[in-house]
Amino acid sequence: MADWSGLPELLLESIARRLSIADLIRFSCVCTSWRSITLFLKGKLLPWLIIPCVTSNNPRKKRIGSVCDKNLGIISLSDPTRRVYELDLPEAADRRICGSSAGWLVTVHANSEIRLLQPFTRAQIQLPPLTAFPSHLPVPLQQGERFKAFLRDEYIHKAIVGFCSSESEAMVMAIRREDDQLAFCRPGKDLRWSIFEHRHHGRSHDVIFYKEQFYTVKESGRIFKVSGLEDASPHMTLVTGRPMMNPSSPNKPYLVDSLGELLIVYPNRLYLVESSGELLIIYRFLDSGFPVGEDDEDDDEDAVVDSDDNWREPARLPYRTINFEVFKLDFAGGKWVEVENLGDRAVFVGYNDSFSVSASEFPGCKGNCIYFTDDYFEGYYRQKHGACDMGIFDLGDRTVEPLVCGNETQSFMPPSVWFSMNPWWRGGLDVLTL
């Protein structure tokens, strides 16, 4: 049998340049040498937006609820038409995606199972289940289907993957929704999740693996470094307090009401992002003054609705993102510095491990912009129109443009999530081979 991995690099490169995005994805999954050839085309490959897929067998139907179908839709930013490529992935069926990090999806099932899933190689890694969390909530699987679905949807807010001691030592860090405390485990080693019992520090909004360390941001805006994960005494150390916003600064629409009075408004979401080696904190502000006025009485999470009828977009959204504020941390001075221009960087936030890329290296990405998906669980869960708050925020003129062409207020359930294989970083396909 011929050794296809030994084909000349120039030939493989020539073939790769002529492939569609969908075929290029398949090409990169054949073997290590073929995947290395596609790295020069990473701008064509990454990042992707993973959405619920409208299947070719039933193009007029969309799912509602938090779980995926066996087909996922992939949109590449390098494609100006935002065409949806269909990916057959039975391993994702009936599972909720609660994280996207380092080339892996973190998925949870109603049977309490939690797995890492690589969507293109279809590799899976078992993590300790929901029943292995220390919890104030009961998690017996005998509680019935509705309770199991509740735990799948409610228990984990977000999870990311990091690599602590070596390139083969992985750690999964999760934010537990019941109290927004951190939990962690080592894939392939730990049978249970460990919890940080540091309630006096407040609730975690986001967590990041930055320069060989995990950091978390609390609802107060304070930043903590997570240490001691490999011994018996994990702990958090305060790095710095929250940034101070200046209400008299220009271009702050969220601080002024209709009468011109200054308002004190707190961010609805906080994110930690690495950008060009610096640690950023990003404040996301929502306007929740746009009620639709319709209650969703359908509790069937696997139901489908007709996109020509019930999926017409509401005249007014129940909430929307109206502003972002960005600050970078001066570690030496222990203070935050406001960032008014990200330059060539494009930032991606949502249920993914927050990340940034150089827009000039990734066709379709715009510099000085924040690409966001809907992670406002309190707003869209069991709400008829689904996760509808996604777009591209321009930090320069502070405008929001639609992320998906054709409709400014596209709604998706389950929510869309950013995916990046980060092949240039210690993550992705070749690290987690347990």
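The figures here come from the full heavy-atom set of this structure, side chains too, leaving out hydrogens, waters and symmetry mates. Remember, it's a predicted structure, so these values are computed and weren't measured experimentally.
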Using distance alone, with no hydrogens and no angle criterion, decide if R176 and Q181 have a side-chain donor and acceptor under 3.5 Å apart. no

Can you see whether R345 engages N368 through a side-chain donor-acceptor pair at a distance of less than 3.5 angstrom? no

Mind running side chain to side chain contact (heavy atoms under 4.5 Å, CB included) on S354 and D206 for me, showing each step along the way? CA-CA 9 Å; S354 306; D206 199 11; 3.3 Å; yes

Drop me the distance from L286's CG to N323's CG, to the nearest 0.5 angstrom. 10.5 Å

Quick one: do the S204 and K218 side chains pair a donor with an acceptor below 3.5 Å? yes

Do D344 and S358 have side-chain atoms, one donor and one acceptor, less than 3.5 Å apart? yes

In Å, rounded to the nearest 0.5 Å, how long is the span from CD1 of I208 to CZ of F214? 10.5 Å

Can you tell me how far the SG atom of C98 sits from the CZ atom of R177, to the nearest 0.5 Å? 9.5 Å

Side-chain donor-acceptor contact under 3.5 Å, R284 with Y271: yes

Nearest 0.5 Å please: distance from the NZ atom of K366 over to the CG atom of L395. 12.0 Å

Given W48, which of F348, W418, F419 fulfils the ring pair (Phe, Tyr, Trp, His ring centres under 6.0 Å) condition? F419

Do N71 and L87 come close enough that some side-chain heavy atom pair is under 4.5 Å? no

Pair R242-S220, side-chain donor/acceptor within less than 3.5 Å: no

Could you tell me how the ring of Y210 sits relative to the ring of F331: parallel (under 30°), tilted (30 to 60°) or perpendicular (over 60°)? parallel

Between D353 and S101, is there a donor-acceptor pair closer than 3.5 Å when you use the side chain of the first and the backbone of the second? no

Take F285 and F324 through the test ring-ring contact (aromatic ring centres under 6.0 Å, His included) and record every step on the way to the result. CA-CA 6 Å; F285 297 86; F324 285 91; 8.4 Å; no

Is it the case that the side chain of D190 and the backbone of R192 share a donor-acceptor pair, with hydrogens and angles ignored and the cut-off at 3.5 Å? no

Quick one: OH on Y371 to CE on M390, what's the gap to the nearest 0.5 Å? 12.5 Å

Rounding to 0.5 Å, atoms CD1 (I156) and OH (Y351) come to a distance of 12.0 Å

Considering only heavy atoms from C-beta outward, does the side chain of Y376 approach that of D389 to under 4.5 Å? no

Pair E113 + R152: basic N to acidic O under 4.0 Å: no

Using 4.0 Å as the upper bound for N to carboxylate O, is an ion pair formed by R96 and E154? no

